[in-house]
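Just so you know, these numbers come straight off a predicted model, no measurement behind them.
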Amino acid sequence: MTPKRPCDHHVTRRHFVMTSTTGLVGVLFDATLGGAGRGPASAGAPDSKLIEDLVAANRILADQGIVDGYGHVSARHDRDPTRYLLSRDLAPALVTADDIMEYELDSNPVDAKGRSLYSERFIHGEIYKARPDVRAVVHSHSPAVIPFSVSGISLRPVFHAAAFIVDGVPVFDTRRVPGPPHLLINSPEAGRALAQTLGSKPAVLILGHGVAVVGTSLPMVVGRSIYLETSAKIQSQAIALGGQLTELDPAAARELASSDYRRPWELWKRRVTMK
(Lines give C-alpha, C1' and ligand atoms only; values in the text may rest on other atoms or scores of the structure.)
Protein backbone atom coordinates (compact mmCIF):
# COMPACT_ATOMS: atom_id res chain seq x y z
CA MET A 1 0.00 0.00 0.00
CA THR A 2 1.04 3.60 -0.64
CA PRO A 3 2.55 5.33 2.40
CA LYS A 4 1.28 8.84 1.76
CA ARG A 5 -1.96 10.54 0.93
CA PRO A 6 -2.49 11.65 -2.68
CA CYS A 7 -1.94 15.36 -3.18
CA ASP A 8 -4.18 15.71 -6.25
CA HIS A 9 -7.65 14.19 -6.54
CA HIS A 10 -8.39 15.91 -9.85
CA VAL A 11 -7.84 14.93 -13.48
CA THR A 12 -8.76 16.71 -16.68
CA ARG A 13 -10.90 14.92 -19.23
CA ARG A 14 -8.07 15.19 -21.80
CA HIS A 15 -5.55 13.65 -19.40
CA PHE A 16 -8.02 10.90 -18.45
CA VAL A 17 -8.62 9.93 -22.08
CA MET A 18 -4.97 10.13 -23.09
CA THR A 19 -3.76 8.01 -20.22
CA SER A 20 -6.50 5.48 -20.90
CA THR A 21 -5.34 5.18 -24.51
CA THR A 22 -1.69 4.99 -23.55
CA GLY A 23 -2.46 2.34 -20.97
CA LEU A 24 -4.16 0.15 -23.56
CA VAL A 25 -0.94 0.11 -25.59
CA GLY A 26 0.83 -1.18 -22.50
CA VAL A 27 -1.80 -3.84 -21.98
CA LEU A 28 -1.50 -4.96 -25.59
CA PHE A 29 2.29 -5.13 -25.17
CA ASP A 30 1.82 -7.33 -22.09
CA ALA A 31 -0.58 -9.56 -24.00
CA THR A 32 2.03 -10.08 -26.71
CA LEU A 33 5.02 -10.71 -24.44
CA GLY A 34 3.38 -12.03 -21.24
CA GLY A 35 4.71 -15.49 -20.28
CA ALA A 36 8.28 -15.83 -21.63
CA GLY A 37 9.63 -16.51 -18.13
CA ARG A 38 8.20 -13.31 -16.66
CA GLY A 39 5.11 -14.70 -14.95
CA PRO A 40 1.79 -16.30 -15.88
CA ALA A 41 0.68 -16.02 -19.50
CA SER A 42 -1.55 -13.06 -20.28
CA ALA A 43 -5.22 -13.47 -21.10
CA GLY A 44 -4.78 -10.75 -23.70
CA ALA A 45 -5.85 -7.13 -23.80
CA PRO A 46 -9.09 -6.43 -21.93
CA ASP A 47 -11.84 -4.34 -23.47
CA SER A 48 -10.84 -0.67 -23.53
CA LYS A 49 -14.12 0.27 -21.81
CA LEU A 50 -13.27 -1.98 -18.87
CA ILE A 51 -9.91 -0.23 -18.42
CA GLU A 52 -11.58 3.17 -18.68
CA ASP A 53 -14.18 2.19 -16.08
CA LEU A 54 -11.56 0.76 -13.73
CA VAL A 55 -9.58 4.00 -13.84
CA ALA A 56 -12.81 5.92 -13.26
CA ALA A 57 -13.72 3.65 -10.33
CA ASN A 58 -10.43 4.51 -8.62
CA ARG A 59 -11.04 8.23 -9.16
CA ILE A 60 -14.68 8.09 -8.06
CA LEU A 61 -13.92 6.30 -4.80
CA ALA A 62 -11.30 8.95 -4.01
CA ASP A 63 -13.59 11.81 -5.01
CA GLN A 64 -16.36 10.45 -2.78
CA GLY A 65 -14.04 10.06 0.21
CA ILE A 66 -14.25 6.26 0.37
CA VAL A 67 -10.50 5.88 -0.17
CA ASP A 68 -7.60 8.25 0.38
CA GLY A 69 -3.97 7.26 -0.12
CA TYR A 70 -4.98 3.71 0.74
CA GLY A 71 -7.53 1.33 -0.73
CA HIS A 72 -7.97 -0.32 -4.11
CA VAL A 73 -10.53 -1.56 -6.61
CA SER A 74 -10.23 -4.39 -9.12
CA ALA A 75 -12.21 -5.94 -11.97
CA ARG A 76 -12.26 -9.49 -13.24
CA HIS A 77 -10.72 -9.76 -16.72
CA ASP A 78 -13.44 -9.77 -19.37
CA ARG A 79 -11.60 -12.34 -21.52
CA ASP A 80 -10.59 -14.82 -18.82
CA PRO A 81 -12.30 -15.35 -15.44
CA THR A 82 -9.02 -16.66 -14.03
CA ARG A 83 -7.42 -13.22 -14.36
CA TYR A 84 -8.17 -9.86 -12.76
CA LEU A 85 -7.09 -6.26 -13.25
CA LEU A 86 -5.72 -4.03 -10.49
CA SER A 87 -3.49 -0.96 -10.32
CA ARG A 88 0.11 -1.02 -9.23
CA ASP A 89 0.73 0.18 -5.66
CA LEU A 90 -0.59 3.72 -5.97
CA ALA A 91 -3.07 6.09 -4.33
CA PRO A 92 -6.41 5.54 -6.14
CA ALA A 93 -6.83 9.21 -7.07
CA LEU A 94 -3.62 9.02 -9.10
CA VAL A 95 -4.35 5.83 -11.05
CA THR A 96 -4.22 5.97 -14.86
CA ALA A 97 -4.56 3.23 -17.48
CA ASP A 98 -0.77 2.87 -17.52
CA ASP A 99 -0.93 1.67 -13.91
CA ILE A 100 -3.41 -1.18 -14.47
CA MET A 101 -1.84 -4.62 -14.21
CA GLU A 102 -3.09 -8.11 -14.96
CA TYR A 103 -2.99 -10.77 -12.23
CA GLU A 104 -3.85 -14.44 -12.05
CA LEU A 105 -6.03 -15.57 -9.16
CA ASP A 106 -3.06 -16.46 -6.94
CA SER A 107 -2.37 -12.71 -7.21
CA ASN A 108 0.86 -13.06 -9.14
CA PRO A 109 1.26 -10.35 -11.80
CA VAL A 110 1.57 -11.31 -15.45
CA ASP A 111 4.31 -8.72 -15.98
CA ALA A 112 5.27 -6.53 -13.05
CA LYS A 113 7.87 -4.56 -15.07
CA GLY A 114 9.55 -3.75 -11.76
CA ARG A 115 6.44 -2.03 -10.41
CA SER A 116 5.48 -2.36 -6.74
CA LEU A 117 2.30 -4.27 -5.88
CA TYR A 118 -0.45 -3.74 -3.32
CA SER A 119 0.39 -5.96 -0.35
CA GLU A 120 -3.32 -6.70 0.13
CA ARG A 121 -3.98 -7.80 -3.45
CA PHE A 122 -4.86 -11.24 -2.02
CA ILE A 123 -8.23 -9.80 -0.98
CA HIS A 124 -9.09 -9.63 -4.65
CA GLY A 125 -7.59 -12.88 -5.91
CA GLU A 126 -9.04 -15.06 -3.17
CA ILE A 127 -12.52 -13.53 -3.45
CA TYR A 128 -12.52 -14.08 -7.22
CA LYS A 129 -11.52 -17.71 -6.60
CA ALA A 130 -14.32 -18.27 -4.09
CA ARG A 131 -17.04 -16.25 -5.85
CA PRO A 132 -17.44 -16.90 -9.61
CA ASP A 133 -20.34 -14.41 -9.62
CA VAL A 134 -18.12 -11.51 -8.53
CA ARG A 135 -16.83 -9.22 -11.28
CA ALA A 136 -15.42 -6.37 -9.16
CA VAL A 137 -14.00 -5.89 -5.65
CA VAL A 138 -13.32 -2.78 -3.53
CA HIS A 139 -11.20 -2.69 -0.40
CA SER A 140 -11.43 0.54 1.58
CA HIS A 141 -11.01 2.00 5.04
CA SER A 142 -14.47 3.56 4.85
CA PRO A 143 -14.45 5.67 8.04
CA ALA A 144 -18.11 5.49 9.08
CA VAL A 145 -18.15 1.74 8.53
CA ILE A 146 -15.13 0.81 10.67
CA PRO A 147 -16.87 1.41 14.06
CA PHE A 148 -19.26 -1.42 13.22
CA SER A 149 -16.30 -3.79 12.99
CA VAL A 150 -15.22 -3.14 16.60
CA SER A 151 -18.36 -2.19 18.54
CA GLY A 152 -20.38 -5.37 18.54
CA ILE A 153 -23.17 -3.46 16.80
CA SER A 154 -24.01 -4.88 13.39
CA LEU A 155 -24.58 -2.92 10.22
CA ARG A 156 -28.28 -3.15 9.49
CA PRO A 157 -30.47 -2.18 6.49
CA VAL A 158 -31.69 1.28 7.43
CA PHE A 159 -31.17 3.12 4.12
CA HIS A 160 -32.80 2.09 0.86
CA ALA A 161 -29.71 2.72 -1.29
CA ALA A 162 -27.83 0.22 0.87
CA ALA A 163 -30.60 -2.37 0.93
CA PHE A 164 -28.09 -4.96 -0.29
CA ILE A 165 -26.98 -5.54 3.33
CA VAL A 166 -30.41 -6.90 4.27
CA ASP A 167 -28.93 -10.29 5.17
CA GLY A 168 -26.15 -8.84 7.28
CA VAL A 169 -22.46 -7.99 7.01
CA PRO A 170 -20.04 -10.41 8.70
CA VAL A 171 -16.87 -9.31 10.52
CA PHE A 172 -13.51 -10.92 9.81
CA ASP A 173 -10.82 -11.01 12.50
CA THR A 174 -7.27 -11.45 11.18
CA ARG A 175 -6.46 -13.43 14.31
CA ARG A 176 -8.27 -16.30 12.62
CA VAL A 177 -5.25 -16.70 10.33
CA PRO A 178 -2.60 -19.10 11.70
CA GLY A 179 0.88 -17.77 12.34
CA PRO A 180 2.22 -14.44 13.61
CA PRO A 181 -0.51 -11.80 14.09
CA HIS A 182 -1.09 -9.41 11.18
CA LEU A 183 -3.60 -6.61 10.74
CA LEU A 184 -3.33 -6.69 6.95
CA ILE A 185 -4.68 -9.20 4.44
CA ASN A 186 -1.22 -9.66 2.97
CA SER A 187 -1.05 -13.39 2.30
CA PRO A 188 -3.04 -16.00 0.37
CA GLU A 189 -4.03 -17.61 3.68
CA ALA A 190 -5.46 -14.34 5.02
CA GLY A 191 -7.25 -13.63 1.75
CA ARG A 192 -8.74 -17.13 1.73
CA ALA A 193 -9.99 -16.79 5.31
CA LEU A 194 -11.51 -13.40 4.47
CA ALA A 195 -13.28 -14.86 1.43
CA GLN A 196 -14.65 -17.68 3.60
CA THR A 197 -16.07 -15.15 6.08
CA LEU A 198 -17.57 -13.13 3.21
CA GLY A 199 -19.35 -16.26 1.97
CA SER A 200 -22.27 -15.29 -0.26
CA LYS A 201 -22.65 -11.82 1.28
CA PRO A 202 -22.03 -8.54 -0.63
CA ALA A 203 -19.56 -7.16 1.92
CA VAL A 204 -17.35 -8.18 4.83
CA LEU A 205 -15.92 -5.95 7.56
CA ILE A 206 -12.31 -6.39 8.67
CA LEU A 207 -11.89 -5.86 12.40
CA GLY A 208 -10.42 -2.41 13.11
CA HIS A 209 -9.30 -2.09 9.51
CA GLY A 210 -11.93 -1.62 6.83
CA VAL A 211 -14.23 -3.45 4.47
CA ALA A 212 -14.25 -5.51 1.29
CA VAL A 213 -17.26 -5.02 -0.99
CA VAL A 214 -18.13 -7.13 -4.03
CA GLY A 215 -20.43 -6.79 -7.02
CA THR A 216 -21.23 -8.06 -10.48
CA SER A 217 -19.89 -4.88 -12.12
CA LEU A 218 -17.74 -1.85 -11.39
CA PRO A 219 -20.76 0.49 -11.16
CA MET A 220 -22.37 -1.88 -8.65
CA VAL A 221 -19.31 -2.28 -6.42
CA VAL A 222 -18.56 1.45 -6.45
CA GLY A 223 -22.19 2.28 -5.66
CA ARG A 224 -22.27 -0.27 -2.87
CA SER A 225 -19.08 1.13 -1.35
CA ILE A 226 -20.38 4.70 -1.42
CA TYR A 227 -23.85 3.93 -0.08
CA LEU A 228 -22.55 1.55 2.58
CA GLU A 229 -20.60 4.50 4.00
CA THR A 230 -23.74 6.66 3.85
CA SER A 231 -25.83 3.95 5.50
CA ALA A 232 -23.30 3.55 8.33
CA LYS A 233 -23.51 7.30 8.99
CA ILE A 234 -27.31 7.17 9.04
CA GLN A 235 -27.35 4.20 11.40
CA SER A 236 -24.88 5.89 13.77
CA GLN A 237 -26.99 9.06 13.78
CA ALA A 238 -30.15 7.06 14.48
CA ILE A 239 -28.47 5.24 17.36
CA ALA A 240 -27.31 8.58 18.80
CA LEU A 241 -30.92 9.86 18.76
CA GLY A 242 -31.94 6.99 21.02
CA GLY A 243 -35.02 4.84 20.88
CA GLN A 244 -35.57 1.73 18.79
CA LEU A 245 -33.84 1.30 15.44
CA THR A 246 -36.34 0.49 12.69
CA GLU A 247 -34.94 -1.58 9.85
CA LEU A 248 -36.20 -1.77 6.27
CA ASP A 249 -38.76 -4.44 5.48
CA PRO A 250 -36.67 -7.47 4.41
CA ALA A 251 -38.80 -8.38 1.38
CA ALA A 252 -38.82 -4.80 0.13
CA ALA A 253 -35.08 -4.47 0.75
CA ARG A 254 -34.34 -7.60 -1.30
CA GLU A 255 -36.16 -6.04 -4.25
CA LEU A 256 -33.51 -3.30 -4.29
CA ALA A 257 -30.52 -5.46 -3.31
CA SER A 258 -29.34 -6.05 -6.88
CA SER A 259 -29.27 -2.38 -7.91
CA ASP A 260 -26.33 -1.62 -10.21
CA TYR A 261 -26.35 2.16 -9.52
CA ARG A 262 -26.05 3.02 -13.22
CA ARG A 263 -27.61 6.47 -12.86
CA PRO A 264 -25.28 7.77 -10.11
CA TRP A 265 -22.35 5.95 -11.77
CA GLU A 266 -22.70 8.14 -14.87
CA LEU A 267 -22.82 11.24 -12.67
CA TRP A 268 -19.80 10.17 -10.60
CA LYS A 269 -17.84 9.26 -13.73
CA ARG A 270 -18.62 12.54 -15.45
CA ARG A 271 -17.53 14.37 -12.32
CA VAL A 272 -14.05 12.83 -12.25
CA THR A 273 -13.46 12.96 -16.01
CA MET A 274 -14.52 16.60 -16.46
CA LYS A 275 -12.36 18.09 -13.70
Side-chain angles (χ1 to χ4, degrees), residues 1-23 49-76 84-101 103 115-121 123-124 127 135-146 161-162 184-185 202-203 205-206 209-215 217-233 260-275:
M1 293 189 294
T2 306
K4 60 182 181 179
R5 186 182 181 92
C7 60
D8 181 10
H9 282 215
H10 305 299
V11 60
T12 64
R13 179 174 176 81
R14 182 171 181 271
H15 177 70
F16 184 91
V17 173
M18 289 180 66
T19 52
S20 294
T21 304
T22 303
K49 180 67 161 50
L50 180 60
I51 295 292
E52 177 186 310
D53 282 352
L54 184 52
V55 172
N58 276 275
R59 304 286 182 131
I60 290 166
L61 290 167
D63 185 66
Q64 294 292 316
I66 305 303
V67 298
D68 52 11
Y70 298 110
H72 23 88
V73 52
S74 68
R76 198 186 288 267
Y84 71 92
L85 306 167
L86 176 71
S87 170
R88 68 182 176 93
D89 185 5
L90 189 66
L94 306 180
V95 169
T96 70
D98 284 331
D99 301 306
I100 303 301
M101 301 171 64
Y103 293 82
R115 294 171 289 185
S116 57
L117 313 177
Y118 289 123
S119 66
E120 292 190 297
R121 62 193 181 278
I123 292 173
H124 304 267
I127 287 176
R135 305 293 302 179
V137 177
V138 168
H139 170 53
S140 77
H141 305 150
S142 189
V145 171
I146 293 174
L184 303 181
I185 313 300
L205 299 180
I206 306 169
H209 178 164
V211 62
V213 181
V214 303
S217 68
L218 281 166
M220 175 184 278
V221 81
V222 168
R224 283 180 166 181
S225 298
I226 291 169
Y227 288 122
L228 184 63
E229 169 75 3
T230 303
S231 186
K233 291 177 180 177
D260 62 7
Y261 304 103
R262 287 286 171 178
R263 188 194 301 180
W265 165 263
E266 294 302 329
L267 172 64
W268 296 327
K269 187 175 177 181
R270 177 70 63 88
R271 176 177 174 135
V272 298
T273 57
M274 293 298 289
K275 285 184 176 179

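- Residue Pro92 comes nearest to Gly71 through the heavy atom pair CG-O, 3.2 Å, listed as atom of the first residue, atom of the second, then distance.
- Across all non-hydrogen atoms, the minimal contact from Arg271 to Asp63 is NE-OD2, 2.5 Å.
- Between Tyr103 and Tyr84, the angle of the ring planes stays under 30°, which puts this pair in the parallel group of the 30/60° scheme.
- Ring orientation note: the planes of Tyr70 and His141 are tilted relative to one another, at an angle of 30° to 60°.
- The OG atom of Ser74 sits 9.5 Å away from the CG atom of Asn58 when rounded to the nearest 0.5 Å.
- A salt bridge does not link Asp98 to Arg88: none of the charged nitrogens lies less than 4.0 Å from a carboxylate oxygen.
- Shown here for Ser217 and Ala136, the closest heavy-atom pair between the two residues is O-CB, 3.6 Å.
- Between Val95 and Ser87 there is a side-chain heavy-atom pair separated by less than 4.5 Å.
- Inter-residue side-chain proximity for His209 and Leu184 is flagged as met; some heavy-atom pair is nearer than 4.5 Å.
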Working note: Leu218 + Leu50, criterion side chain to side chain contact (heavy atoms under 4.5 Å, CB included); need CA distance, chi angles, decisive distance, verdict.
CA-CA 9 Å; Leu218 281 166; Leu50 180 60; 4.0 Å; yes
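- Heavy-atom minimum distance, Ala97 versus Val55: N-CG2, 3.5 Å.
- Exactly one of His124, Arg121, His72, Glu120 qualifies for a side chain to side chain donor-acceptor pair (under 3.5 Å) with His139. That residue is Glu120.
- Smallest separation of non-hydrogen atoms from Lys233 and Ala144: CG-CB, 3.5 Å.
- Considering only heavy atoms from C-beta on, Trp265 comes within 4.5 Å of Ile60 through its side chain.
- Checked by atom type and distance alone, the side chain of Arg262 never pairs as donor or acceptor with a backbone atom of Pro219 at under 3.5 Å.
- None of Ile146, Leu228, Val138, Ile66 except one satisfies the side chain to side chain contact (heavy atoms under 4.5 Å, CB included) rule with Val211; the exception is Leu228.
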Carefully, step by step, assess Arg59 and Thr96 under the rule side chain to side chain contact (heavy atoms under 4.5 Å, CB included).
CA-CA 9 Å; Arg59 304 286 182 131; Thr96 70; 3.7 Å; yes
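- Although no hydrogens or angles enter the test, the distance criterion places no donor-acceptor pair under 3.5 Å between the side chain of Tyr261 and the main chain of Val221.
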Given Leu86 and Val137, is the side chain to side chain contact (heavy atoms under 4.5 Å, CB included) satisfied, shown in steps?
CA-CA 10 Å; Leu86 176 71; Val137 177; over 6 Å; no
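- To the nearest 0.5 Å, atom CD1 of residue Ile206 and atom CD1 of residue Ile123 are 4.5 Å apart.
- Ser142 pairs by the side chain to side chain donor-acceptor pair (under 3.5 Å) definition with Glu229, not counting sequence neighbours.
- Listed here is the closest heavy atom pair of Val272 and Ala56: CG2-O, 4.3 Å.
- Here the straight-line distance linking atom CD1 of Ile51 with atom CG of Leu54 works out to 6.0 Å at 0.5 Å rounding.
- Arg135 places no side-chain N or O within 3.5 Å of a backbone atom of Ala75 that could act as its donor or acceptor partner.
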